[in-house]
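We're numbering straight along the sequence, starting at 1. Every heavy atom of this structure was used, including side-chain atoms; hydrogens, water molecules and symmetry mates were not.
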Amino acid sequence: MRTMTAVALCCLAAMSLVGCSSQESGDIQIVFAAGNDPSGATEALVDEYNAAHPGVRVEFQAMPANTDTQHDAYVTYLSARESSIDLYSLDVIWTAEFARAGWIVALPEGYIRTDEFLDGPLASVTYKGTLYAVPWFTDAGVLYYRKDLLEEAGVPVPETWTDFRRACREIAEPRGMDGFVWQGARYEGLVCDFLEFLWSVGGTLDEATVVERPADAERGVTEALGLMLSFLDSGISPAGVLTYKEEDSRRLFTEGRALFLRNWPYVWSVAEGEGSKIKGLAGIAPLPHVEGQTSYSTIGGWNIALSTYSEHPDEALDFLRFITGERSMKERAIEGGYLPTLRRTYEDADVLAANPHFASFSEVFQNTRNRPRSPHYPRMSDIIQENVHRTLTYEIEPATAAADMVRELAEIMAE
């Protein structure tokens, strides 16, 4: 386990204080730990639940924005079998790790109607075929484009990478703009981007392929790495993309210096904000794919799970049903702009009135996939990051990187 930071230790101290104060009130205390919600929508829903449930009091424990710090705090707390937190909000990539460790409880059969949730978020809450959490809000990779420039050139939004390159050459190059910016720094964001390129060429890193048909997995990885390199070699993507994270690439797009951007849904509100130079000029679309294949977006977002060490599991499950229910998702979508995991929320008139762009996101979310689901995901992420980044910086050839990546991932999966 990584060294615990001072911030994480402070979080643990705060959690313990919440647990102590609750027991003194005489009510059954439920502590819900999740990232801070600047909109206030989550805390308002907690207050509403408390008012309607005398004898039970839910405390919202706001966690730091840094995901790694939050992860470390949870791991330290759960490793100690602490019981003063009942419900944890988990990043979609943590389910397997926490379930395998025995820290979170498998949900009762029939607890949720699985057909009501988007496929990608639903897949993220399962481990070995068992449901361990409820999808709370989601995220997925999106293609942003300058709709004004495409319309002016009479060019439709490209669905294939061939048409995508053509649009960059015809529209971006004559204007001196970057054609396509994305996240190429060596960090978790690079894994998300790489997987989208991989899926778009028909490749996969699923366990069955990596372990049983490694040659097939290598072919897909090699093609995806070649595709990424082609954008750098042609100048469609600037060399600086290899240092870009979300905000670096976002700024270029909202400053009007890039034709296309791959990023997350949060960019929409920035693009439409007062400081944006492209307000009213951006569009949203699914990511492109090669001919004959389908594009997929990498799933992000957060889920909620019940702690194995909760002393009040029945009451915690009742609140979990409330905070992930349709009305709560609607309120958080309207007040905080959070993307729901329930399908029908995207058809709600009030939600669409507050967030008209959700209709476009709904199209993107129909084709989403998760990063590899494994208790050993942090190691797998490091392997992917290293091999992809070394390829993009011309240290190794795509085929070599693909062979190394698949071999190392297969070793972990075999464990």
Side-chain angles (χ1 to χ4, degrees), residues 11 15 18 29-37 39 41-50 53 56-65 67 70-71 73-75 77-78 82-99 101-114 116-118 120-127 130-139 299-333 335-336 338-342 345 370 373:
C11 291
M15 294 174 192
V18 168
Q29 179 78 10
I30 304 300
V31 177
F32 171 38
N36 184 44
D37 178 1
S39 74
T42 302
E43 291 185 77
L45 287 165
V46 169
D47 291 342
E48 178 185 326
Y49 182 87
N50 286 336
H53 294 79
V56 176
R57 180 166 183 79
V58 177
E59 293 285 349
F60 176 61
Q61 176 61 51
M63 297 298 294
T67 303
Q70 191 168 339
H71 175 274
Y74 287 173
V75 168
Y77 209 60
L78 287 163
E82 289 289 347
S83 62
S84 56
I85 294 182
D86 302 272
L87 296 166
Y88 289 86
S89 176
L90 306 180
D91 191 303
V92 293
I93 59 176
W94 298 346
T95 303
E97 175 189 0
F98 281 52
W103 295 333
I104 55 177
V105 177
L107 297 179
E109 186 174 351
Y111 183 75
I112 62 171
R113 289 191 54 179
T114 56
E116 295 180 344
F117 289 86
L118 295 169
L122 186 64
S124 77
V125 298
T126 59
Y127 176 62
T130 300
L131 194 71
Y132 278 91
V134 181
W136 192 25
F137 64 95
T138 192
D139 220 355
I299 278 284
W302 292 76
N303 308 315
I304 304 177
L306 172 65
S307 169
T308 300
Y309 310 113
S310 171
E311 296 178 352
H312 305 288
D314 292 339
E315 290 79 8
L317 285 171
D318 187 71
F319 173 73
L320 175 56
R321 192 187 302 277
F322 167 80
I323 200 66
T324 58
E326 183 176 3
R327 199 175 65 77
S328 293
M329 284 202 190
K330 176 177 177 177
E331 288 301 311
R332 281 170 45 84
E335 299 299 328
Y338 291 97
L339 288 153
T341 54
L342 286 169
T345 312
N370 285 275
R373 285 175 286 159

Closest heavy-atom pair, Val92 versus Ile299, reported as atoms and distance to 0.1 Å, is CG2-O, 3.9 Å
To the nearest 0.5 Å, atom CH2 of Trp94 lies from atom CH2 of Trp302 at 4.0 Å
- Residue pair Leu342, Lys330: steps toward the side-chain contact (heavy atoms from CB on, under 4.5 Å) verdict: CA-CA 9 Å; Leu342 286 169; Lys330 176 177 177 177; over 6 Å; no
Check for a donor-acceptor pair, side chain of Tyr74 on one end and backbone N or O of Ala33 on the other, with a separation under 3.5 Å. yes
**Message:** Any side-chain to backbone donor/acceptor pair from Tyr111 onto Leu317? Under 3.5 Å, distance only.
**Reply:** yes
Is there a donor in the side chain of Glu311 and an acceptor in the side chain of Ser83, or the other way round, less than 3.5 Å apart?
-> yes
So CD1 of Ile304 and CG of Asp86: to nearest 0.5 Å the spacing works out to 12.5 Å
Applying side chain to side chain contact (heavy atoms under 4.5 Å, CB included) to Thr341 and not counting sequence neighbours gives Phe117, Pro121, Pro135, Thr138, Met329
d(Asn36 CG, Gln61 CD) to nearest 0.5 Å is 10.5 Å
**Asked** So do Tyr49 and Ser328 actually touch side chain to side chain, heavy atoms under 4.5 Å?
**Response** no
Between the CG atom in Leu87 and the CD1 atom in Ile30, the distance rounded to the nearest 0.5 Å is 7.0 Å
message: In the structure I gave you, are the side-chain heavy atoms of Thr42 and Arg332 within less than 4.5 Å of one another anywhere?
response: yes
Hey, are the side chains of His53 and Phe322 touching, using non-hydrogen atoms and a 4.5 Å cut-off?
no
Ala96 meets the side chain to side chain contact (heavy atoms under 4.5 Å, CB included) criterion, sequence neighbours left out, with Tyr127, Pro375
Across all chains, not counting sequence neighbours, the side chain to side chain contact (heavy atoms under 4.5 Å, CB included) partners of Ala34 are Phe32, Phe60, Ser89, Trp136
In short, Gly120 meets Asn370 closest at the heavy-atom pair O-ND2, 3.0 Å
The side chain to side chain contact (heavy atoms under 4.5 Å, CB included) partners of Asp139 (sequence neighbours excluded) come to Trp264, Pro265, Leu339
Taken to the nearest 0.5 Å, the spacing of Ile85 CD1 from Glu59 CD works out to 12.0 Å
Contacts of Glu116 meeting salt bridge (Lys or Arg N to Asp or Glu O under 4.0 Å) (sequence neighbours excluded), chain-then-number -> Arg113, Arg344
Check: Less than 4.5 Å apart, any side-chain heavy atom of Leu90 and any of Val125?
Finding: no
Output for pair (Phe137 CZ, Thr324 OG1), nearest 0.5 Å, gives 13.0 Å
- Message: Quick one, Leu78 and Tyr88 - any side-chain contact, counting heavy atoms below 4.5 Å?
- Response: yes
For Thr130 and Ala106 the tightest heavy-atom approach is CG2-CB, 3.6 Å
- Under 3.5 Å, is there a donor-acceptor pair between the side chain of Ser307 and the main chain of Ile104? no
Asp91 meets the salt bridge (Lys or Arg N to Asp or Glu O under 4.0 Å) criterion, sequence neighbours left out, with none
(Q) Between Val56 and Asn50, is there a side-chain heavy-atom distance shorter than 4.5 Å? (A) no
| request: Would you mind reporting whether Asn303 and Ser124 have side-chain heavy atoms less than 4.5 Å apart? | output: yes
Correct closest heavy-atom pair for Met63 and Gln70 would be CB-CD, 3.7 Å
**Asked** Can you list the steps and then say if Leu107 with Ile112 is a side-chain contact (heavy atoms from CB on, under 4.5 Å)?
**Response** CA-CA 9 Å; Leu107 297 179; Ile112 62 171; 5.5 Å; no
Q.
In the structure I gave you, are the side-chain heavy atoms of Arg373 and Thr126 within less than 4.5 Å of one another anywhere?
A. yes
